[in-house]
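Notes for the one structure printed next.
The chain is numbered in sequence order, starting from 1.
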Amino acid sequence: MTTIFDAPEDFATTALAGFAAIYQRNVRLVKGGVVRSTKVPKGKVAVVVGGGSGHYPAFAGYVGPGLADAAVAGDVFASPSTAAVARVCRHADQGGGVLLGFGNYAGDVLNFGVAAERLRSEGIDVRILPVTDDVASAPVDSWAKRRGIAGDLVVFKIAGAAAEAGKSLDEVERLARYANDRTFSFGVAFGGCTLPGAAGPLFTVPDGQMAMALGLGIHGEPGVSEEPIATASDLAKLLTGKLLAERPAGASKAAAVLNGLGATKYEELFVLWTAVAKELAEAGVEVVDPECGEFVTSLDMQGCSLTLLWLNEELEALWRAPADAPVLRKGVIIAAEPATDEIVDADGPQSFAPASEASKASGKCIARLIGNIADALKEAEEELGRIDAFAGDGDHGQGMRRGSAAASDAAQTAVAAGAGAASVLAAAGDAWADRAGGTSGAIWGLALRSWSNAFSDEDKASDAATVEGSRLALEGVTRLGRARVGDKTLVDALVPFVETLERESAAGKPLVEAWNAAATTAQEAADATSALTPKLGRARPLAEKSIGHPDAGAVSLALVARVAGAFLKEAAAG
């Protein structure tokens with residue numbers, strides 16, 4: 001159980017600060033992550049990796065010569081925000097371009113992808129690499145839907161070695177993608193992990209059972225089936241069998257990583273390795289430089305995973321190449337001097353465009369509404385987390401509370417600075433995404449930022465602009481989030497909400513009536529997601545466990561719509 005902390009919401013940032021203080025030889029702390037503390041040659045490709053916290057030594061422990069140049073850290077089990085990814089990449093960029101590596105999770109894909117777009121617009125060449133090694137999360141014919149787990153380490157090691165050798169961004173990307181295509185992992189768990197401040201683990205396993213096969217992830221997701229606990233020999237057969245089934249034709253050499261998930265003791269892993277090595281030898285596999293220990297964890301989860309990277313001559317040289325990071329040291333120490341440049345990390349006060357009095361008044365109303373939304377989401381945090389835990393990691397309520405509270409603070413700050421309606425809503429959206437992190441944070445930040453484009457800082461926020469903004473929000477979310485109706489996401493409630501709002505408004509209904517009709521429709525649609533199976537996000541591999549329970553994102557969308565409807569009704573009453 002995760003027991004050592006002051007405030008649960010500060011756990012990730014405090015842990016990162018402590019890590020950076022201890023490993024000053026390797027890293028320097030920046031806002032939202034760490035960068036190498038040693039000099040990096042100009043023109044070198046920057047390998048930047050990241051994801052949520054709670055997985056140490058992933059991802060900060062990968063930073064050092066021969067591996068990563070920087071790591072971005074989100075909250076526990078939550079993707080870093082777009083702003084954090086972009087900020088860390090700017091610190092790491094040496095003019096040779098950036099390779100962004102992360103696990104293939106919806107929030108990471110969205111946040112890292114939007115950050116890459118933003119950086120490209122600034123003239124930085126950025127390539128993205130979602131790692132897809134988890135064979136349990138999707139069949140081989142849908143490999144692009146597979147999650148990234150302990151395969152992160154080996155794929156990033158190949159990319160880091162290629163970049164350290166001075167290869168071009170095209171070559172680093174090619175080799176990293178090739179490594180990803182030949183990397184496979186499978187894991188089992190004997191017990192779930194406990195989030196800081198939570199009363200108990202996110203899932204439990206029946207006595208004498210282990211969660212295995214489809215659905216075991218590194219964010220506290222439960223497995224979809226249980227089997228009697230196995231001996232080391234039987235467990236080795238299970239792990240190797242799953243991976244050997246996808247062995248590339250002609251492959252005979254592999255890098256192997258036996259990974260502990262957080263609470264499995266090293267001695268247990270060593271016992272298991274003897275059995276794994278036997279199975280691989282009998283299958284004719286030559287293991288090259290195996291690694292055994294904790295590399296991608298899930299807080300205090302009991303369990304382990306096995307990763308194989310099938311090598312050719314090119315990949316073998318990169319796997320054996322020297323590396324000097326907190327979690328992985330290989331070969332001779334790479335000569336490096338301490339960095340002497342000064343990191344300027346302050347964002348500074350935000351400035352806003354001049355606004356009319358009418359738009360400022362609308363901005364004040366928007367800020368009050370967001371304050372009401374934040375209060376409602378704080379009250380609903382536990383229930384939203386409970387719904388999310390059926391097929392997710394239970395952090396949705398926490399993320400919504402944090403994001404909306406930050407949005408409320410940002411909106412009030414913007415109002416105090418004299419901002420108009422568009423700027424107030426945009427500032428709120430950016431703050432929501434930055435503080436909440438994860439998929440929901442990115443989506444809500446994107447939705448509010450897109451909605452703000454219908455407003456201006458010169459005019460009052462009209463009813464027509466409010467309706468138009470809902471359509472812009474929907475288009476932004478579906479374009480970058482890629483969800484559609486029926487995928488069991490927030491979009492299942494957002495689409496009927498927008499369509500009803502547009503239809504009722506076109507029929508001449510006042511905004512308050514049209515909005516509340518749309519809110520009712522959104523609630524009905526959210527309730528109806530109970531019958532759906534998820535097709536995107538972390539809940540997808542746990543489809544059966546999700547049936548009978550509504551989608552947490554759709555439920556929270558409906559809640560926000562109701563709160564806004566009540567606000568509009570009160571305002572109309574005078």
Side-chain angles (χ1 to χ4, degrees), residues 106-107 110 369-370 372-374 376-377 379-381 383-388 390-392 396-397 399-401 403-404 407 429 432-433 436 438-451 466-467 469-505 511 513-540 543 546-568:
L110 184 57
L369 170 57
I370 294 174
N372 288 3
I373 290 170
L377 289 172
E379 185 176 342
E381 176 181 0
E383 176 62 12
L384 292 174
R386 185 191 66 81
I387 294 171
D388 186 42
F390 283 112
H396 182 73
M400 292 295 286
R401 173 183 60 79
S404 60
W432 192 315
T439 308
S440 64
I443 288 174
W444 276 93
L446 181 60
L448 296 185
R449 165 64 77 164
S450 300
W451 205 314
T466 301
V467 176
S470 71
R471 173 57 62 174
L472 294 178
L474 174 60
E475 290 174 351
V477 167
T478 53
R479 178 177 66 86
L480 289 171
R482 299 177 296 181
R484 299 293 182 267
V485 171
D487 287 345
K488 196 164 187 174
T489 69
L490 167 147
V491 169
D492 287 295
L494 182 56
V495 167
F497 171 83
V498 173
E499 291 177 345
T500 302
L501 181 62
E502 290 177 331
R503 184 178 63 251
E504 294 295 305
S505 297
L511 178 62
E513 292 184 21
W515 187 287
N516 278 287
T520 299
T521 303
Q523 183 61 60
E524 292 170 351
D527 293 340
T529 60
S530 294
L532 300 177
T533 55
K535 297 181 177 64
L536 289 175
R538 293 180 193 164
R540 179 183 53 80
S546 176
I547 296 174
H549 306 287
D551 176 69
V555 170
S556 59
L557 184 283
L559 171 61
V560 170
R562 292 199 311 274
V563 171
F567 179 87
L568 291 172

Name all residues meeting the side chain to side chain donor-acceptor pair (under 3.5 Å) criterion together with Glu381; count only those two or more places apart in sequence or in a different chain, and write none if there are none. Arg401
Output all residues satisfying side chain to side chain donor-acceptor pair (under 3.5 Å) with Ser556, sequence neighbours left out; order by chain, then residue number. His396
Once you round to the nearest 0.5 Å, how far does [atom1] of [X] lie from [atom2] of [Y]?
X	Y	atom1	atom2	value
Leu557	Thr489	CG	OG1	9.5 Å
His549	Asp388	NE2	CG	12.0 Å
Arg471	Glu499	CZ	CD	6.0 Å

Partners passing salt bridge (Lys or Arg N to Asp or Glu O under 4.0 Å) against [X] (at least two apart in sequence or in another chain):
X	result
Glu513	none
Glu379	none
Glu475	none

Tell me every residue that passes side chain to side chain contact (heavy atoms under 4.5 Å, CB included) with [X], counting only those two or more places apart in sequence or in another chain.
X	value
Ala518	Phe497, Thr500, Leu501
Leu110	Val114, Ala442, Ile443, Leu480
Arg386	Glu383, Phe390
Ala554	Ala493, Ala526, Thr529, Asp551

Go through Arg449 and Trp444 one step at a time and tell me if the side chain to side chain contact (heavy atoms under 4.5 Å, CB included) criterion holds. CA-CA 8 Å; Arg449 165 64 77 164; Trp444 276 93; over 6 Å; no
If every non-hydrogen atom of Ala407 is compared with every non-hydrogen atom of Trp432, which pair is closest and at what distance? CB-CE3, 3.7 Å
Give the minimum heavy-atom separation between Trp451 and Ala473, together with the two atoms involved. CE3-CB, 3.7 Å
Any donor-acceptor N/O pair, Ser440 side chain to Ala436 backbone, under 3.5 Å: no
Judged by atom type as modelled, is there a donor-acceptor pair below 3.5 Å linking the side chain of Asp492 to the main-chain atoms of Lys488? yes
May I have the list of side-chain donor-acceptor pairs in residues 558-568 shorter than 3.5 Å, sequence neighbours left out?
residue	atom	partner	partner atom	Å
Arg562	NH1	Gln523	OE1	2.1

Do Val477 and Ser450 make a side-chain contact, defined as non-hydrogen atoms from C-beta onward lying under 4.5 Å apart? no
Pairs meeting criterion ring-ring contact (aromatic ring centres under 6.0 Å, His included) with involvement of residues 474-494, two or more places apart: none
Under the side chain to side chain contact (heavy atoms under 4.5 Å, CB included) rule, what do Val467 and Trp515 come out as? Steps first, then yes or no, please. CA-CA 9 Å; Val467 176; Trp515 187 287; over 6 Å; no
Quick one: which of Leu494, Leu532, Val495 gives a side chain to side chain contact (heavy atoms under 4.5 Å, CB included) with Val485? Val495
